[in-house]
Amino acid sequence: MTVKVVGKGCDKYFYMLGEVKKIAKASKKDIQVIEITSGTDIAKLGVRNLPALIVDGKLCNEGTNMDREVIKEMLAD
């Protein structure tokens with residue numbers, strides 16, 4: 001599973017990145033966490049609101065932070 005955490009370094013981005021990394025580390029699944037912070041890369045992904053979470057190529061969240069349990073559920077699928 002590939003999880004992209006997209007953002008520009010704001011508090012919401014760092015919160016989401018930290019939660020995703022914690023969940024990935026605790027998971028028994030092979031989860032690759034990729035940080036996307038370049039404006040060019042963000043534009044290529046079509047993300048308009050930050051932070052964003054992309055799981056296996058699917059945009060799952062954009063512009064808001066999610067509770068840890070919601071992120072955990074997304075990564076469990």
Side-chain angles (χ1 to χ4, degrees):
M1 172 182 288
T2 302
V3 179
K4 294 179 182 177
V5 182
V6 184
K8 287 264 202 177
C10 66
D11 290 342
K12 288 181 183 180
Y13 166 77
F14 286 117
Y15 170 80
M16 185 180 292
L17 179 62
E19 292 301 310
V20 168
K21 284 184 174 183
K22 286 178 200 172
I23 293 165
K25 187 175 181 179
S27 175
K28 294 179 181 174
K29 294 174 88 174
D30 182 25
I31 300 175
Q32 179 185 14
V33 180
I34 301 171
E35 300 175 47
I36 306 291
T37 57
S38 161
T40 304
D41 292 337
I42 292 169
K44 285 179 185 176
L45 292 170
V47 173
R48 295 183 180 173
N49 297 304
L50 302 174
L53 186 67
I54 301 173
V55 179
D56 287 335
K58 180 182 174 191
L59 182 61
C60 295
N61 182 62
E62 186 175 20
T64 61
N65 256 341
M66 296 181 293
D67 183 67
R68 182 170 213 231
E69 291 304 313
V70 175
I71 298 171
K72 197 174 197 179
E73 191 175 300
M74 282 183 175
L75 300 184
D77 291 339

Heavy-atom distance under 4.5 Å between the side chains of V5 and Y13, does that happen here?
-> yes
Any side-chain heavy atom of K4 within less than 4.5 Å of one from L53?
-> no
In one Ile/Leu/Val/Met/Phe/Trp/Tyr side-chain cluster, 4.5 Å: M66, I31 = yes
Shortest non-hydrogen contact from K8 to L50?
-> CG-CD1, 3.4 Å
Rounded distance [0.5 Å steps], CD1 in I36 versus CG in L45 | 6.0 Å
Are E35 and K21 within salt-bridge range, i.e. N to O under 4.0 Å?
-> yes
How about N61 and I71: do any of their side-chain heavy atoms sit closer than 4.5 Å?
-> no
Treat each ILVMFWY residue as a node, draw an edge where side-chain heavy atoms are under 4.5 Å apart, and state whether M1 and V6 are in one component.
-> no
Find the distance between NZ (K44) and OG1 (T40) and round it off to the nearest 0.5 Å.
-> 6.5 Å
M74 and V3, any side-chain heavy atoms less than 4.5 Å apart | no
Of all the heavy-atom pairs spanning G7 and I42, show the shortest one and how long it is.
-> O-CD1, 3.9 Å
Hey, quick one: are V55 and I34 part of the same hydrophobic cluster, counting side-chain heavy atoms closer than 4.5 Å, chains of contacts allowed?
-> no
Non-hydrogen atoms of P51 and M16 that approach each other most closely = CG-CE, 3.9 Å
How about K72 and E19: do any of their side-chain heavy atoms sit closer than 4.5 Å?
-> no
Under the side-chain hydrogen bond (donor to acceptor under 3.5 Å, both in side chains) rule, collect the residues that match up with E62, sequence neighbours excluded.
-> none
Give a yes or no on this: more than 12 heavy atoms of other residues, nucleotides or ligands lie within 6.0 Å of atom CG of N49.
-> yes
In Å and rounded to the nearest 0.5 Å, what is the SG to CG distance from C10 to N65?
-> 7.5 Å
Among I23, L17, T2, L75, which residue meets the side chain to side chain contact (heavy atoms under 4.5 Å, CB included) test with V33?
-> L17
